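The model shown is predicted, which means the values in this text are computed figures rather than measured ones.
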Amino acid sequence: MRRKFIAGNWKMHNGPAATKEFFGKFAAELKGSPEVEKAIAEGREEVAFFVPAVSLLTAVSESKDTPLIIGAENCHWEPKGAFTGETSVPMIAEIGATHTLVGHSERRHVFRETDEELNRKMHAALEGGLSAVLCVGETLEEREANKAFEVIRTQFVEGLKGVDAGTVAEKVIIAYEPVWAIGTGKTASAGDAEEVCRYIRRLADESFGSEAAEMLIILYGGSVKPENTKGIMSQPDVDGVLVGGASLKPEVFIEIVRNAL
């Protein structure tokens, strides 16, 4: 049975001081949720936080000796060099973070990162020892033009080009995030999320074989809240959620984690 993976993406929120305060409060929330603590201890559920680069060290330090996962929101494909403002995989790993996001919709559509660039980031992250969450998803215009599956296929195939099946099974997570549902208050229905996540699993089967496809963790992201978590998580091909704004409040995020069980 695949583990559940519940992740918060803080985006450009919470510097080191706010990060320290958050983890202090979240630790208290966890202590008050024994069913969540048990699920995490038994490996049935993983909880991750993707935080700004300036807060990575604080997040790692504050979550030390806990099973919480800390990841970067982005990485560069080169290990070092003249890339002002970027953060390399070796830097992320040295801090103690274990995961990174690759290709979040804001990176694709605001910063215009291409599939080729994102594939280079995937290889850098995986070869550098990190687990990588590859984000895929269509815009509203693409969905209304019936191009959603075509877009997702391209992002999936190009993003994972050159990655072997064993690595996909063990170190890759796919996050389906319809661009039209991110930060808009709109949420894909549980059925819509399942339809696309099932399609992604089929793509994984075609590209990497049935074993890798069955092991692949697939998340849904897009205006996830405590109220809609159970419905989303009830779908057979949805293994977790990638949460934006609702992950910034410990008392709200713990509800999502609890409702995902």
Side-chain angles (χ1 to χ4, degrees), residues 1-11 13-14 19 22-23 25-51 55 59-60 62-63 66-73 97-102 104-105 130-137 170-178 181-183 187-188 190 193-194 196-197 200-201 215-261:
M1 186 176 182
R2 293 184 299 272
R3 68 191 185 279
K4 296 177 179 180
F5 192 93
I6 314 303
N9 173 25
W10 286 0
K11 307 188 181 186
H13 298 281
N14 288 353
T19 296
F22 177 95
F23 278 103
K25 291 180 178 179
F26 192 73
E29 295 288 349
L30 269 179
K31 286 182 180 178
S33 303
E35 71 277 31
V36 172
E37 282 194 305
K38 183 178 180 183
I40 295 174
E42 293 176 350
R44 292 184 285 115
E45 187 171 50
E46 292 183 324
V47 177
F49 294 94
F50 292 89
V51 309
S55 299
V60 168
E62 292 300 311
S63 61
T66 78
L68 298 177
I69 292 168
I70 304 300
E73 297 178 2
T98 57
H99 289 56
T100 185
L101 296 179
V102 175
H104 187 278
S105 63
L130 300 181
S131 292
V133 180
L134 176 65
C135 302
V136 301
E170 295 177 11
K171 303 288 285 184
V172 171
I173 296 170
I174 302 296
Y176 167 55
E177 40 167 29
I182 298 173
T187 309
E194 168 61 17
V196 177
C197 290
I200 292 170
R201 202 171 303 283
M215 293 178 65
L216 181 66
I217 302 297
I218 303 176
L219 315 180
Y220 167 78
S223 298
V224 176
K225 303 178 284 290
E227 306 84 71
N228 58 29
T229 300
K230 285 186 178 180
I232 293 168
M233 290 297 300
S234 69
Q235 304 303 308
D237 288 293
V238 180
D239 305 308
V241 287
L242 181 60
V243 186
S247 71
L248 295 171
K249 297 180 179 179
E251 69 279 8
V252 176
F253 190 61
I254 195 68
E255 280 192 66
I256 291 174
V257 174
R258 188 183 300 115
N259 290 346
L261 286 173

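- Salt bridge status for Lys225 with Glu227: absent, with no side-chain N to carboxylate O gap under 4.0 Å.
- Between Ile254 atom CD1 and Ser247 atom OG the span is 12.5 Å, to the nearest 0.5 Å.
- Rounding to the nearest 0.5 Å places OG1 of Thr100 at 11.0 Å from CG of Leu134.
- Considering all non-hydrogen atoms of both residues, Glu46 and Phe5 come closest at OE1-CD1, 3.3 Å.
- Here the straight-line distance linking atom OH of Tyr220 with atom CD1 of Ile200 works out to 12.0 Å at 0.5 Å rounding.
- Looking at Val136 and Ile174, their side chains come closer than 4.5 Å, going by heavy atoms from C-beta outward.
- Considering only residues two or more places apart in sequence or on other chains, Arg258 meets the salt bridge (charged side-chain N to carboxylate O under 4.0 Å, His left out) condition with Glu35.
- Closest non-hydrogen pair, Ala97 versus Gly71, comes out as CB-CA, 4.3 Å.
- Panel note: side chain Ser63, backbone Leu68; no donor-acceptor pair is recorded below 3.5 Å.
- A donor-acceptor pair is defined here as one N or O able to donate and one able to accept, closer than 3.5 Å; such a pair exists between the side chain of Asn259 and the backbone of Pro226.
- Closest approach of Phe50 to Ala72, counting heavy atoms only: CD2-O, 3.1 Å.
- Listed for the Asn228 side chain is a donor-acceptor partner under 3.5 Å among the backbone atoms of Ser223.
- Within the 4.5 Å cutoff, the side chain of Val196 has no heavy atoms near those of the Pro178 side chain.
- With values rounded to the nearest 0.5 angstrom, Leu30 atom CG is found 5.0 Å from Ile40 atom CD1.
- A 4.5 Å side-chain heavy-atom check between Lys25 and Glu251 finds every atom pair outside the cut-off.
- Of the listed residues (Thr229, Val36, Val241), just one forms a side chain to side chain contact (heavy atoms under 4.5 Å, CB included) with Val257, and that residue is Val36.
- Using a 30° and 60° split on the angle between ring planes, Phe253 and Phe26 fall in the tilted class, from 30° to 60°.
- Every salt bridge (charged side-chain N to carboxylate O under 4.0 Å, His left out) that Glu194 has, sequence neighbours left out, goes to Arg198.
- Nearest heavy-atom pair, Cys197 versus Leu219, reported as atom, atom and distance to 0.1 Å: SG-O, 4.1 Å.
- Ring-plane geometry between Trp10 and Phe22 is classed as perpendicular, the angle between the planes exceeding 60 degrees on a 0 to 90 degree scale with a lower cut at 30.
- Side-chain atoms of His104 and Glu177 include a donor-acceptor pair closer than 3.5 Å.
- Screening Arg3, Arg2, Lys4 for a side-chain hydrogen bond (donor to acceptor under 3.5 Å, both in side chains) involving Asp239 leaves a single residue, Arg2.
- Contact between Ile69 and His99 at its shortest, heavy atoms only, is CG2-ND1, 3.3 Å.
- Closest of all the heavy-atom pairs between Glu45 and Ala260 is OE2-CB, 3.6 Å.
- Interatomic distance, CD1 of Ile256 versus CE of Met233, reported as 11.5 Å (0.5 Å rounding).
- Taken to the nearest 0.5 Å, the OG atom of Ser55 stands 12.0 Å off from the NE2 atom of His13.
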